Amino acid sequence: MSDWPAGYDRQVLARVDSTMTEAARQATELAGPTWICALRQSAARGRRGRDWVNPEGNFAATLVLPTSEPPEMRALRSFVAALALFDALVAVSGRVDGLSLKWPNDVLLAGGKVAGILLDSLPDHLLIGIGVNLVQAPMASEVEASAVPPVSVLSVLGVEVGPDVFLDHLAARYAEHERSFVTLGFAPIREAWLARAARMGETVTARMGTREVQGRFDTIDAQGRIVLTTAQGREAIAAADIFF
Ligand SMILES: O=C(O)CCCC[C@@H]1SC[C@@H]2NC(=O)N[C@@H]21
(Lines give C-alpha, C1' and ligand atoms only; values in the text may rest on other atoms or scores of the structure.)
Protein backbone atom coordinates (compact mmCIF):
# COMPACT_ATOMS: atom_id res chain seq x y z
CA MET A 1 0.00 0.00 0.00
CA SER A 2 1.30 3.46 -0.88
CA ASP A 3 1.39 6.32 1.61
CA TRP A 4 -1.17 9.02 0.97
CA PRO A 5 0.75 12.10 -0.22
CA ALA A 6 0.99 15.10 2.10
CA GLY A 7 -0.94 18.16 1.00
CA TYR A 8 -3.62 16.26 -0.94
CA ASP A 9 -7.18 15.61 0.26
CA ARG A 10 -9.41 12.75 -0.86
CA GLN A 11 -13.10 11.98 -1.15
CA VAL A 12 -14.55 8.62 -2.13
CA LEU A 13 -18.19 9.03 -3.16
CA ALA A 14 -20.64 6.19 -3.72
CA ARG A 15 -22.27 7.70 -6.80
CA VAL A 16 -22.15 10.92 -8.81
CA ASP A 17 -23.15 12.02 -12.30
CA SER A 18 -19.54 12.63 -13.28
CA THR A 19 -16.53 13.31 -11.07
CA MET A 20 -15.72 16.19 -13.47
CA THR A 21 -19.09 17.79 -12.79
CA GLU A 22 -18.82 17.10 -9.07
CA ALA A 23 -15.31 18.60 -9.05
CA ALA A 24 -16.57 21.74 -10.80
CA ARG A 25 -19.36 22.05 -8.21
CA GLN A 26 -16.93 21.79 -5.30
CA ALA A 27 -13.74 23.42 -6.60
CA THR A 28 -14.01 26.85 -4.98
CA GLU A 29 -14.86 25.31 -1.59
CA LEU A 30 -11.86 22.96 -1.45
CA ALA A 31 -8.87 23.82 0.73
CA GLY A 32 -6.22 22.45 -1.67
CA PRO A 33 -5.51 19.68 -4.20
CA THR A 34 -8.22 17.06 -3.81
CA TRP A 35 -8.90 13.68 -5.38
CA ILE A 36 -12.64 13.12 -5.90
CA CYS A 37 -13.19 9.43 -6.59
CA ALA A 38 -16.57 7.84 -7.33
CA LEU A 39 -17.54 4.18 -7.22
CA ARG A 40 -20.31 4.79 -9.76
CA GLN A 41 -20.87 7.52 -12.34
CA SER A 42 -24.16 7.93 -14.18
CA ALA A 43 -22.97 10.46 -16.77
CA ALA A 44 -19.23 9.96 -17.19
CA ARG A 45 -17.57 11.97 -19.94
CA GLY A 46 -14.69 11.13 -22.25
CA ARG A 47 -12.60 13.36 -24.51
CA ARG A 48 -14.19 15.30 -27.35
CA GLY A 49 -17.70 15.06 -25.92
CA ARG A 50 -17.80 11.26 -25.98
CA ASP A 51 -19.47 9.21 -23.26
CA TRP A 52 -17.22 7.18 -20.98
CA VAL A 53 -18.50 3.73 -20.05
CA ASN A 54 -18.00 3.24 -16.32
CA PRO A 55 -19.14 -0.08 -14.86
CA GLU A 56 -18.83 -0.68 -11.12
CA GLY A 57 -15.38 -1.77 -10.04
CA ASN A 58 -13.56 0.44 -12.51
CA PHE A 59 -11.62 3.48 -11.36
CA ALA A 60 -13.03 6.98 -11.80
CA ALA A 61 -11.60 10.09 -10.21
CA THR A 62 -10.90 13.74 -10.79
CA LEU A 63 -7.96 15.56 -9.24
CA VAL A 64 -8.87 19.17 -8.49
CA LEU A 65 -5.67 21.21 -8.70
CA PRO A 66 -5.75 24.88 -7.71
CA THR A 67 -3.69 26.82 -10.27
CA SER A 68 -3.20 30.21 -11.83
CA GLU A 69 -1.08 28.81 -14.68
CA PRO A 70 -1.71 29.71 -18.33
CA PRO A 71 -3.50 27.17 -20.58
CA GLU A 72 -0.29 25.88 -22.21
CA MET A 73 1.16 24.88 -18.81
CA ARG A 74 -2.10 23.33 -17.69
CA ALA A 75 -2.23 21.18 -20.82
CA LEU A 76 1.12 19.57 -19.94
CA ARG A 77 -0.49 18.04 -16.83
CA SER A 78 -1.94 15.31 -19.05
CA PHE A 79 1.62 13.98 -19.44
CA VAL A 80 2.20 14.22 -15.67
CA ALA A 81 -1.03 12.28 -15.11
CA ALA A 82 -0.19 9.71 -17.79
CA LEU A 83 3.15 8.95 -16.14
CA ALA A 84 1.49 8.62 -12.74
CA LEU A 85 -1.09 6.25 -14.23
CA PHE A 86 1.61 4.17 -15.89
CA ASP A 87 3.54 3.89 -12.61
CA ALA A 88 0.40 3.09 -10.60
CA LEU A 89 -0.48 0.30 -13.03
CA VAL A 90 3.04 -1.10 -12.69
CA ALA A 91 2.74 -0.92 -8.90
CA VAL A 92 -0.57 -2.80 -8.70
CA SER A 93 0.29 -5.40 -11.35
CA GLY A 94 3.97 -5.89 -10.62
CA ARG A 95 4.55 -5.83 -14.38
CA VAL A 96 5.76 -3.23 -16.82
CA ASP A 97 5.66 -5.25 -20.04
CA GLY A 98 2.68 -4.51 -22.25
CA LEU A 99 2.13 -1.03 -20.81
CA SER A 100 2.67 2.05 -23.00
CA LEU A 101 1.45 5.61 -23.42
CA LYS A 102 -0.50 6.81 -26.44
CA TRP A 103 -0.42 10.50 -27.31
CA PRO A 104 -1.97 12.60 -26.06
CA ASN A 105 -3.20 10.88 -22.93
CA ASP A 106 -4.21 7.24 -23.07
CA VAL A 107 -2.59 4.30 -21.36
CA LEU A 108 -2.35 1.10 -23.38
CA LEU A 109 -2.04 -2.44 -22.08
CA ALA A 110 -1.26 -5.25 -24.50
CA GLY A 111 -2.14 -2.85 -27.31
CA GLY A 112 -5.61 -2.01 -25.93
CA LYS A 113 -6.80 1.11 -24.14
CA VAL A 114 -6.89 0.55 -20.39
CA ALA A 115 -7.11 4.15 -19.16
CA GLY A 116 -7.94 7.65 -20.35
CA ILE A 117 -7.44 11.19 -19.11
CA LEU A 118 -9.68 14.20 -19.52
CA LEU A 119 -8.60 17.76 -18.65
CA ASP A 120 -11.05 20.57 -17.90
CA SER A 121 -10.13 24.08 -16.86
CA LEU A 122 -11.90 26.42 -14.46
CA PRO A 123 -10.67 29.98 -13.82
CA ASP A 124 -8.62 29.00 -10.74
CA HIS A 125 -8.47 25.21 -11.01
CA LEU A 126 -7.41 22.45 -13.33
CA LEU A 127 -9.53 19.28 -13.27
CA ILE A 128 -7.71 16.07 -14.22
CA GLY A 129 -10.20 13.29 -14.80
CA ILE A 130 -8.92 9.72 -14.91
CA GLY A 131 -10.77 6.56 -15.81
CA VAL A 132 -9.19 3.10 -15.61
CA ASN A 133 -10.79 -0.14 -16.76
CA LEU A 134 -9.80 -2.12 -13.69
CA VAL A 135 -12.30 -4.98 -13.92
CA GLN A 136 -14.29 -4.42 -17.09
CA ALA A 137 -13.67 -2.87 -20.50
CA PRO A 138 -16.50 -1.52 -22.63
CA MET A 139 -17.51 -3.76 -25.50
CA ALA A 140 -15.95 -2.94 -28.88
CA SER A 141 -19.43 -1.88 -30.07
CA GLU A 142 -19.49 0.82 -27.37
CA VAL A 143 -16.43 2.64 -28.75
CA GLU A 144 -15.56 4.09 -32.16
CA ALA A 145 -14.84 1.39 -34.73
CA SER A 146 -11.37 2.77 -35.54
CA ALA A 147 -10.41 3.32 -31.89
CA VAL A 148 -7.88 1.21 -30.03
CA PRO A 149 -9.89 -1.72 -28.55
CA PRO A 150 -10.58 -1.35 -24.83
CA VAL A 151 -9.11 -3.82 -22.35
CA SER A 152 -9.19 -4.18 -18.57
CA VAL A 153 -6.46 -4.83 -16.01
CA LEU A 154 -8.34 -7.92 -14.88
CA SER A 155 -8.79 -9.40 -18.36
CA VAL A 156 -5.18 -8.86 -19.48
CA LEU A 157 -3.23 -9.31 -16.27
CA GLY A 158 -5.60 -11.35 -14.12
CA VAL A 159 -5.04 -8.85 -11.32
CA GLU A 160 -8.07 -7.65 -9.33
CA VAL A 161 -7.57 -4.31 -7.64
CA GLY A 162 -10.20 -2.07 -6.06
CA PRO A 163 -10.65 1.62 -6.92
CA ASP A 164 -9.73 2.72 -3.38
CA VAL A 165 -6.43 0.83 -3.48
CA PHE A 166 -5.73 2.11 -6.99
CA LEU A 167 -6.37 5.68 -5.80
CA ASP A 168 -3.71 5.32 -3.10
CA HIS A 169 -1.12 4.24 -5.67
CA LEU A 170 -2.14 6.83 -8.25
CA ALA A 171 -2.20 9.74 -5.79
CA ALA A 172 1.26 8.86 -4.49
CA ARG A 173 2.74 8.55 -7.99
CA TYR A 174 0.99 11.72 -9.16
CA ALA A 175 2.40 13.72 -6.26
CA GLU A 176 5.93 12.60 -7.18
CA HIS A 177 5.58 13.56 -10.84
CA GLU A 178 3.82 16.82 -9.94
CA ARG A 179 6.76 17.76 -7.69
CA SER A 180 9.16 17.03 -10.53
CA PHE A 181 7.08 19.11 -12.96
CA VAL A 182 6.88 22.10 -10.61
CA THR A 183 10.58 22.05 -9.69
CA LEU A 184 12.24 20.90 -12.92
CA GLY A 185 9.72 21.78 -15.60
CA PHE A 186 8.46 19.69 -18.51
CA ALA A 187 11.82 18.34 -19.79
CA PRO A 188 12.14 15.30 -17.44
CA ILE A 189 8.42 14.53 -17.77
CA ARG A 190 8.77 14.66 -21.56
CA GLU A 191 11.79 12.31 -21.51
CA ALA A 192 10.01 9.83 -19.24
CA TRP A 193 6.86 9.99 -21.37
CA LEU A 194 8.84 9.39 -24.59
CA ALA A 195 10.55 6.37 -23.02
CA ARG A 196 7.09 4.81 -22.55
CA ALA A 197 5.50 5.99 -25.82
CA ALA A 198 3.61 3.60 -28.07
CA ARG A 199 4.40 3.46 -31.82
CA MET A 200 7.35 5.89 -31.84
CA GLY A 201 9.04 5.79 -35.23
CA GLU A 202 5.98 4.20 -36.83
CA THR A 203 3.46 5.66 -39.24
CA VAL A 204 0.31 6.94 -37.53
CA THR A 205 -2.72 8.92 -38.62
CA ALA A 206 -3.69 12.16 -36.87
CA ARG A 207 -7.31 13.21 -37.25
CA MET A 208 -8.17 16.84 -36.57
CA GLY A 209 -11.86 17.27 -37.24
CA THR A 210 -12.25 16.54 -40.95
CA ARG A 211 -8.51 16.84 -41.71
CA GLU A 212 -6.27 13.77 -41.57
CA VAL A 213 -2.48 13.64 -41.69
CA GLN A 214 -0.33 10.53 -41.96
CA GLY A 215 3.26 10.55 -40.89
CA ARG A 216 6.06 9.00 -38.89
CA PHE A 217 5.69 9.66 -35.16
CA ASP A 218 9.06 11.24 -34.35
CA THR A 219 8.66 12.82 -30.93
CA ILE A 220 6.68 15.21 -28.79
CA ASP A 221 8.02 18.75 -28.55
CA ALA A 222 8.52 21.08 -25.56
CA GLN A 223 4.86 22.13 -25.79
CA GLY A 224 3.65 18.52 -25.74
CA ARG A 225 2.67 18.56 -29.43
CA ILE A 226 3.05 15.37 -31.42
CA VAL A 227 5.63 15.77 -34.18
CA LEU A 228 5.05 13.80 -37.37
CA THR A 229 7.20 13.61 -40.47
CA THR A 230 4.71 13.64 -43.32
CA ALA A 231 5.11 13.64 -47.10
CA GLN A 232 4.97 17.46 -46.86
CA GLY A 233 7.59 17.74 -44.11
CA ARG A 234 7.51 17.96 -40.32
CA GLU A 235 4.29 18.93 -38.60
CA ALA A 236 3.74 19.59 -34.89
CA ILE A 237 0.13 18.96 -33.90
CA ALA A 238 -1.40 20.33 -30.69
CA ALA A 239 -4.71 18.46 -30.67
CA ALA A 240 -5.82 15.38 -32.61
CA ASP A 241 -7.00 11.82 -32.31
CA ILE A 242 -4.27 9.37 -33.27
CA PHE A 243 -4.99 6.12 -35.11
CA PHE A 244 -2.54 3.30 -35.59
O1 LIG B 1 -11.86 9.85 -23.38
C2 LIG B 1 -10.97 9.55 -22.57
O3 LIG B 1 -10.08 8.75 -22.83
C4 LIG B 1 -10.96 10.21 -21.22
C5 LIG B 1 -11.82 9.44 -20.25
C6 LIG B 1 -11.90 10.08 -18.88
C7 LIG B 1 -12.90 9.38 -18.01
C8 LIG B 1 -12.81 9.86 -16.60
S9 LIG B 1 -13.66 8.83 -15.45
C10 LIG B 1 -13.41 10.01 -14.21
C11 LIG B 1 -13.65 11.36 -14.84
N12 LIG B 1 -15.07 11.67 -14.82
C13 LIG B 1 -15.58 11.74 -16.04
O14 LIG B 1 -16.78 12.00 -16.31
N15 LIG B 1 -14.63 11.49 -16.95
C16 LIG B 1 -13.35 11.26 -16.34
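Only a predicted model underlies this, so the values are computations on that prediction, with no experimental measurement involved. When a ligand or atom number is given, it counts from 1 through the structure's own listing order. Values below: all heavy atoms of this structure, side chains included; hydrogens, waters and symmetry mates excluded.
Close contacts of ligand 1 with Asp106, meaning ligand atoms under 4.0 Å from a residue heavy atom, involve 3 (O). Every atom of ligand 1 with a heavy atom of Ser18 under 4.0 Å away is listed here by number and element: 12 (N), 13 (C), 14 (O). Which parts of ligand 1 touch Ala44 is read off a 4.0 Å heavy-atom cut-off, strictly below it: atoms 14 (O).
Across Gln41, Arg47, Lys113, Lys102, heavy-atom proximity to atom 13 (C) of ligand 1 is greatest for Gln41.
Using a 4.0 Å cut-off between heavy atoms, Ile117 contacts ligand 1 through its backbone alone, with no side-chain atom that close. Contact annotation for Ile130 and ligand 1: only backbone heavy atoms (N, CA, C, O) come within less than 4.0 Å of the ligand. Residue contacts with ligand 1 for Ala61 involve N, CA, C or O but no side-chain atom from C-beta outward (heavy atoms, distance under 4.0 Å).
With respect to Asp218 and Arg234, a salt bridge is recorded, a charged nitrogen being found less than 4.0 Å from a carboxylate O. Under a 4.0 Å N-O distance rule, the pair Arg45/Glu22 does not qualify as a salt bridge. Between Arg173 and Glu176, at least one side-chain N (NZ, or NE/NH1/NH2) sits under 4.0 Å from a carboxylate O, which counts as a salt bridge.
Between Thr203 atom OG1 and Phe244 atom CZ the span is 12.0 Å, to the nearest 0.5 Å.
Between Arg50 and ligand 1 there is no heavy-atom distance shorter than 4.0 Å.
When hydrogens are left out, the protein atom nearest atom 11 (C) of ligand 1 is Thr19 OG1, 3.1 Å; that is the closest non-hydrogen contact. Annotation: atom 6 (C) of ligand 1 to nearest protein heavy atom, Arg45 O, 3.7 Å.
Here's the thing with Trp52: none of its N/O atoms is less than 3.5 angstrom from an N/O atom of ligand 1.
For the residue pair Gln11 / Gln26, a side-chain donor-acceptor distance below 3.5 Å is found, with atom types taken as modelled. Side chains of Asp120 and His125: no donor on one and acceptor on the other come within 3.5 Å.
The environment of CD in Glu160 is sparse: at most 12 heavy-atom neighbours from other residues, nucleotides or ligands sit within 6.0 Å. The number of heavy-atom neighbours closer than 6.0 Å to CG of Asp51, taken from other residues, nucleotides and ligands shown, is 12 or below.
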